[in-house]
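Here is the structure we will look at.
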Amino acid sequence: MKYLHNIGAYFIMIKDVFRKPTKWSVMKPLILKDIDDLIIGSLGIVAFIAFFVGGVVAIQTSLNISDPLIPKYLVGFATRQSIILEFAPTFISIIMAGKVGSFITSSIGTMRVTEQIDALEVMGINAINYLVFPKFIALTLYPFVISIAMFLGVLGGMAACVYGGYGTLEDYIQGIQTDFIPFHIYYAFFKTLVFAFVLATIPSFYGYFMKGGALEVGKASTTSFVWTSVVIILLNFLLTSLLLG
Amino acid sequence: MIEVKDLHKSFGDTHILKGISTSFEKGKTNLIIGQSGSGKTVFLKCLLGLFDYEGGSISYDGKVFSLLSTDEKRELRSEIGMVFQGSALFDSMTIAENVMFPLRMFTKQSKSEMEERVDVVLNRVNLSDAHYKMPSEASGGMQKRVAIARAIVNNPKYLFCDEPNSGLDPKTAIVIDNLIQEITDEFNITTVINSHDMNSVMEIGEKIVFLKDGLKAWEGSKDTIFKTDNEVVTDFVYSSELFKKVRKMYLEENE
Ligand SMILES: Nc1ncnc2c1ncn2[C@@H]1O[C@H](COP(=O)(O)OP(=O)(O)OP(=O)(O)O)[C@@H](O)[C@H]1O
Ligand SMILES: [Mg+2]
């Protein structure tokens, strides 16, 4: 019952994100600030993780190929596929659910407990639009974060492969050019956009509708992380079965 | 004028407001007084539509609040100024930006016009040199005054203040009381103030509603509160020795 209620409230909130928009002159600085906080602020950690996980994927692939009949370029190929299809769009999104998601929930939740949201509402402002819309717009830039993750992941794989002595540069480059299917890129970026929407809205929902005091802000962030991840994993399964299955 | 009829509000099983009817006139400072926990804040939040209530009705100059559409409610609210008990300043903005916020939202003024207006209002609350502080760097009393400045900056038609001078020293408290009184007269505002500060009651209580246990126990003005025999009121208002003496003197003088 509670879940159904939450799902209903979530979709009503989504509708309100796009109703009675806040004046552009007020909205613009909010969007720029959220781009800075949510997108620019995440680049460092995403780049770091992508590069090193790309390296690990390449090393493990090459260690698992002992059969001399399997061509050497397979390392590059497998690394590229797993990074572009799964690692960058899905797993980086789970990490972002922790980083960006808990930031969104706690900042909106704090505004709720200190009555700042009531203050907005009392002035006649659509607080949901004011708070969530800039995050939604900022996260439309999320595919750029993911493309950087893809690039650095493949690069990390190459570095690990070549400098670790698991294969030659030529083999790796041949591998990442093998059987390139453009549809996989569309699929990956379509997923990314869906996840961006989830990342902007579910944490906002848990912040906006939280009740209680400072202690509950922490709890709300945790709940928000759990549900954002669950929804991302489920949608990933659904989209993959629909688009690739 | 704001009219309240038979207002009921509960949280779960606890009945907080048990049927309150009263009215607040335009151009007057209306005070709601009562003990801590008597439901003043809950009452004010019901008036503003921040809390849903189970029974009764609230109307603003004839418009029944619960019958308005969301957009009509927002329209009405853009004419409301509210000072929250905890100030509720936006902590990502400086003090000047907080005060400027309603102007940026609801007027087409140029930046310099808005800055001028912010200066005027901050001056009136004795905060002419705090423009660039963040709310977290201001004292509790300063935050309160910023909240008052933010509430009045856009000349509201209705002004609600939840304990505007709690946390202020007696001198600043009187400055704030007088300010509220002045702008109420000047712009013919309907002002509703929650308070348990007896000074304010005596200074600006043009209409006083006394709440106790979720009911309206008494209603009157600063002139009639001295004379009333209602024990609940005298018990609350004259709980301090000072006010007992003041009342005695007043009654003797007016024999
Ligand atoms: N959100 C809430 N949920 C549950 N109970 C609440 C809530 N807000 C207020 N109450 C209860 O309502 C009663 C009245 O509270 P209210 O805040 O209106 O008191 P008050 O008259 O404003 O007191 P004070 O002078 O201390 O500010 C209290 O018993 C309080 O516990
Ligand atoms: Mg209160």
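The sequence lines fix the lettering, A, B, ..., with proteins before strands; numbering per chain opens at 1.
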Would you mind telling me which of B:M105, B:R150, B:E79, B:M82 has the largest number of heavy-atom pairs within less than 4.5 Å of chain A?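 Heavy-atom pair counts peak at B:M105.
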If you count heavy-atom pairs within less than 4.5 Å of chain A, which of B:R74, B:K73, B:K45 leads?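 Highest number of pairs under 4.5 Å: B:R74.
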From [X] [atom1] over to [Y] [atom2], what is the distance, rounded to the nearest 0.5 angstrom?
X      : Y      : atom1 : atom2 : answer
B:F90  : A:L120 : CZ    : CG    : 4.0 Å
A:D16  : B:T70  : CG    : OG1   : 7.5 Å
B:K111 : A:S25  : NZ    : OG    : 11.5 Å
A:Q116 : B:S92  : CD    : OG    : 7.0 Å
A:D118 : B:L48  : CG    : CG    : 9.0 Å
A:M123 : B:I80  : CE    : CD1   : 11.5 Å

Which region of A:T22, side chain (C-beta onward) or backbone (N, CA, C, O), has a non-hydrogen atom less than 4.5 Å from a non-hydrogen atom of chain B, or is it both or neither?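 Just its side chain gets close to chain B.
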If I measure from the heavy atoms of chain B, does A:I117 come under 4.5 Å with its side chain, its backbone, both, or neither?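 A:I117 has no heavy atom closer than 4.5 Å to chain B.
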A:V26 to B:R104 - nearest heavy-atom pair and separation: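 Heavy-atom minimum between the residues: CA-NH2, 3.7 Å.
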Minimum heavy-atom distance A:A119-B:A88, with the two atoms named: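 A:A119 and B:A88 have their closest heavy atoms at CB-O, 4.0 Å.
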Top contributor to chain B interface from A:E115, A:R19, A:K33 [non-hydrogen pairs under 4.5 Å]: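 Result: the option with the highest number of such pairs is A:E115.
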[X], part contacting chain A, at a heavy-atom distance under 4.5 Å:
X      : result
B:D91  : both
B:F101 : side chain
B:L89  : backbone

Neighbours of chain B found in residues 129-150 of chain A - heavy atoms under 4.5 Å: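 Heavy-atom contacts from residues 129-150 of chain A to chain B are A:Y130.
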Give a yes or no on this: more than 12 heavy atoms of other residues, nucleotides or ligands lie within 6.0 Å of atom CZ of A:F18.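 Count over threshold, so yes.
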Can you tell me if A:K99 has over 12 outside heavy atoms packed within less than 6.0 Å of its NZ?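 Result for NZ/A:K99: enclosed.
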Are any side-chain N or O atoms of A:K23 and backbone N or O atoms of B:F106, one a donor and one an acceptor, separated by less than 3.5 Å?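 Answer holds: no.
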N/O donor to acceptor pairs below 3.5 angstrom from side-chain atoms of residues 140-148 of chain B, sequence neighbours left out:
residue : atom : partner : partner atom : Å
B:Q143  : NE2  : B:P135  : O            : 2.9
B:Q143  : NE2  : B:A138  : O            : 3.3
B:K144  : NZ   : B:Q85   : O            : 2.7
B:K144  : NZ   : B:E163  : O            : 3.0
B:R145  : NE   : B:G141  : O            : 3.4
B:R145  : NH1  : B:V125  : O            : 3.3
B:R145  : NH1  : B:N126  : O            : 3.2

